[in-house]
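Start at 1 and go down the list; that is how both ligands and their atoms are numbered. Both backbone and side-chain heavy atoms feed into the values below; hydrogens, waters and symmetry mates do not.
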Amino acid sequence: MKFDTRVYVAGHRGLAGSALVRGLAARGYSNIVTRTHAEVDLLDAAAVARLFAEEKPEVVLLAAAKVGGILANNTYPAEFVRDNLVIQSTVIHEAFRAGVTRLLFLGSSCIYPRDCPQPIREDYLLTGPLEPTNRPYAIAKIAGIEMCWSYNRQYGTRYLCVMPTNLYGLGDNYDLTTSHVLPALIRKFHEAKVRGDATVTLWGTGAPRREFLYSDDMASACLHLLELPDDRLSTLVNNRAPPLVNVGSGEDLTIRDLADLVREIVGTRATVTWDSSKPDGTPRKLLDVSHLNALGWRPSIALGDGIRRAYANYLSLAGG
Ligand SMILES: NC(=O)c1ccc[n+]([C@@H]2O[C@H](COP(=O)([O-])OP(=O)(O)OC[C@H]3O[C@@H](n4cnc5c(N)ncnc54)[C@H](OP(=O)(O)O)[C@@H]3O)[C@@H](O)[C@H]2O)c1
């Protein structure tokens with residue numbers, strides 16, 4: 001990629017997309033194309049076609065999606081499958097029609113079978129049943145991977161699918177009805193501190209193990225992959241296997257330990273009550289990142305540092 005390559009970031013206001021824009025700018029890319037949801041609804045194929053015709057992007061980073069935690073996935077399964085299928089197939093197809101040869105499709109670690117061995121290797125895809133709580137979302141994402149792979153096979157494109165682990169960072173979603181676990185913990189402990197509550201109630205048992213990656217680290221991994229020379233990219237994008245790369249920190253911890261860490265950083269003495277009537281989700285989700293590491297990338301922001309940055313950002317967003 002050259003510094004004046006036209007790069008379209010779809011979903012640039014989201015957690016992942018905004019980190020990609022920051023990462024591109026920090027690396028010196030000056031020709032970044034963006035559209036807000038209000039300007040271009042990615043469910044509208046004609047609007048997406050117009051965008052590609054007007055802007056002629058050369059590289060596409062697809063970080064727009066309908067995203068949410070267990071509650072949102074359980075409540076809106078129809079939107080989670082439909083919106084994601086439509087957004088990704090529209091953007092990928094219009095990118096192909098516009099002659100884009102490099103595209104990065106962001107998926108998620110929930111594409112892997114619920115009970116697959118840990119850490120999760122890329123070749124565990126489609127080897128067992130999915131976690132039911134986010135199956136509609138996961139199946140849409142799996143269709144996106146199949147689409148990228150098929151276009152690569154049939155049309156010789158180089159569309160790469162990255163599967164980030166749980167992300168957190170600047171501009172995260174702190175709405176408790178749709179947020180992921182880490183921003184939800186930040187908000188709950190912060191509000192308990194402000195109100196002086198003695199206890200905080202959290203969903204599940206605290207036993208599941210999860211891996212987390214700061215969003216700017218995820219962006220740095222994605223851009224590292226995008227900037228790989230053609231011969232190295234070709235080892236990822238070939239006809240034999242899905243063009244899939246896990247993006248994670250390679251380390252996990254229990255939700256209970258995560259809650260202790262967030263509580264300490266937020267600075268409250270509130271104790272935790274675990275509401276075990278609520279679902280835990282997958283017991284463990286740790287990505288095998290040996291592939292990414294072998295390509296020369298490692299994370300640089302430790303979990304505690306990342307949570308401190310995210311909490312400072314939450315305070316500025318909340319005006320506190
Ligand atoms: N967050 C995580 O922990 C995580 C982990 C692994 C992978 N990922 C992947 O990263 C990608 C982005 O996730 P995220 O966490 O950054 O989500 P996010 O913060 O909710 O951002 C998604 C973005 O997509 C936009 N969008 C959604 N529907 C749209 C539509 N119909 N038309 C135009 N724009 C639309 C949203 O705009 P509006 O807000 O205006 O609708 C938002 O800017 C997803 O593919 C997700 O699977 C995320």
Side-chain angles (χ1 to χ4, degrees), residues 8-23 33-48 50-51 60-70 72-73 76 79-92 94 103-112 120 134 136-145 148 160-175 177-186 210-219 221-222 244-249 258 281-282 285 287 289 306 310 313 317:
Y8 169 43
V9 182
H12 72 288
R13 283 180 160 180
L15 176 66
S18 60
L20 287 166
V21 170
R22 279 194 300 278
V33 176
T34 58
R35 288 290 189 282
T36 63
H37 192 157
E39 288 164 343
V40 174
D41 183 350
L42 298 173
L43 296 172
D44 177 350
V48 178
R50 271 196 304 280
L51 161 70
V60 172
L61 306 182
L62 177 43
K66 174 99 183 151
V67 177
I70 294 179
N73 272 272
Y76 306 108
E79 274 88 350
F80 272 83
V81 66
R82 191 259 175 178
D83 287 12
N84 286 308
L85 281 171
V86 174
I87 290 172
Q88 68 203 30
S89 54
T90 305
V91 174
I92 293 169
E94 290 304 330
L103 174 147
L104 214 74
F105 169 60
L106 270 74
S108 150
S109 56
C110 66
I111 57 155
Y112 293 112
I120 306 170
N134 52 26
Y137 178 75
I139 285 181
K141 291 290 182 186
I142 292 170
I145 296 166
C148 290
L160 195 59
C161 308
V162 288
M163 297 304 124
T165 189
N166 301 293
L167 302 175
Y168 69 103
L170 305 187
D172 210 339
N173 170 17
Y174 291 96
D175 175 344
T177 57
T178 53
S179 59
H180 289 111
V181 58
L182 211 160
L185 289 176
I186 289 177
R210 291 290 181 274
E211 176 189 16
F212 296 90
L213 187 69
Y214 195 70
S215 59
D216 291 78
D217 258 345
M218 179 279 316
C222 288
L244 199 56
V245 182
N246 289 340
V247 172
S249 62
L258 177 72
T282 309
K285 240 171 31 171
L287 293 177
V289 287
N313 180 245
L317 294 173

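The structure places CG of L62 at 8.0 Å from CD1 of I87, a figure rounded to the nearest 0.5 Å. A distance of 8.5 Å separates CG in D172 from NE2 in H180, rounded to the nearest 0.5 Å. Distance CG/D83 to CG/D41: 8.5 Å, rounded to 0.5 Å. Residue F80 holds its CZ atom at 14.5 Å from CD1 of I139, rounded to the nearest 0.5 Å. Atoms SG and CD1, on C148 and I92 in that order, are 4.0 Å from each other to the nearest 0.5 Å.
Within the 4.0 Å heavy-atom criterion, the part of Y137 lying near ligand 1 is the side chain and not the backbone. The proximity of N173 to ligand 1, defined as any non-hydrogen pair under 4.0 Å, does not occur for either the backbone or the side chain. No part of D172 comes within 4.0 Å of ligand 1, judged by heavy-atom distances. When heavy-atom distances to ligand 1 are checked against a 4.0 Å cut-off, M163 has no atom that comes that close, whether in backbone or side chain.
Taking the side chain as every heavy atom from C-beta outward, H12 and T36 approach each other to under 4.5 Å. Side-chain contact between I120 and S109 is absent, with no heavy-atom pair separated by less than 4.5 Å. Looking at heavy atoms from C-beta onward, N166 lies out of side-chain contact with L182 at the 4.5 angstrom threshold.
With V40 as the partner, the side chain to side chain contact (heavy atoms under 4.5 Å, CB included) test is satisfied by one option alone out of L43, L42, D44: L42.
Short contacts between ligand 1 and N166, defined as distances under 4.0 Å to a heavy atom of the residue, involve ligand atoms 3 (O). Close contacts of ligand 1 with R13, meaning ligand atoms under 4.0 Å from a residue heavy atom, involve 43 (O). Shown in contact with A64 at under 4.0 Å from a heavy atom are these atoms of ligand 1, numbered in order with element: 24 (O). Atoms of ligand 1 lying under 4.0 Å from at least one heavy atom of K141, given by number and element, are 44 (C), 45 (O), 47 (O).
Q88 places no side-chain N or O within donor-acceptor distance of the main-chain N or O of F105, the cut-off being under 3.5 Å.
Atom 36 (C) of ligand 1 lies below 4.0 Å from none of the non-hydrogen atoms of the protein.
Atom 21 (O) of ligand 1 has as its closest protein heavy atom G14 CA, 3.2 Å. Atom 16 (O) of ligand 1 has its closest protein heavy atom at A16 N, 2.7 Å. What sits closest to atom 10 (O) of ligand 1 on the protein, heavy atoms only, is L106 CD2, 3.6 Å. Of the protein's non-hydrogen atoms, the one nearest atom 27 (C) of ligand 1 is A65 O, 3.3 Å. With respect to atom 41 (O) of ligand 1, the closest heavy atom belonging to the protein is H37 ND1, 2.7 Å. Here the protein heavy atom with the shortest distance to atom 7 (C) of ligand 1 is G107 O, 2.9 Å. Remark: minimum distance from atom 28 (N) of ligand 1 to any protein heavy atom is reached at I87 CD1, 3.6 Å. Protein heavy atom closest to atom 12 (C) of ligand 1, with residue, atom name and distance, is A63 O, 3.1 Å.
Under the 4.0 angstrom criterion for non-hydrogen atoms, T165 is in contact with ligand 1. Within the 4.0 Å heavy-atom shell around ligand 1 one does not find K66.
Evaluated by nearest non-hydrogen atom to atom 4 (C) of ligand 1, the leading choice among L167, V181, L43, T178 is L167. The residue from V40, D41, L15 that puts a heavy atom closest to atom 31 (N) of ligand 1 is D41. Among L213, T36, V91, V67, the residue whose heavy atom sits closest to atom 17 (O) of ligand 1 is V67.
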### Intermediate values then yes/no, side chain to side chain contact (heavy atoms under 4.5 Å, CB included), L258 and F212
CA-CA 10 Å; L258 177 72; F212 296 90; 3.5 Å; yes
### Task
Would you check, one step at a time, whether the test side chain to side chain contact (heavy atoms under 4.5 Å, CB included) holds for Y214 with L170?
CA-CA 9 Å; Y214 195 70; L170 305 187; 3.3 Å; yes
### Task
In sequence, state the C-alpha distance, the side-chain angles, and the governing distance for T165 and K285, and then conclude on side chain to side chain contact (heavy atoms under 4.5 Å, CB included).
CA-CA 8 Å; T165 189; K285 240 171 31 171; over 6 Å; no
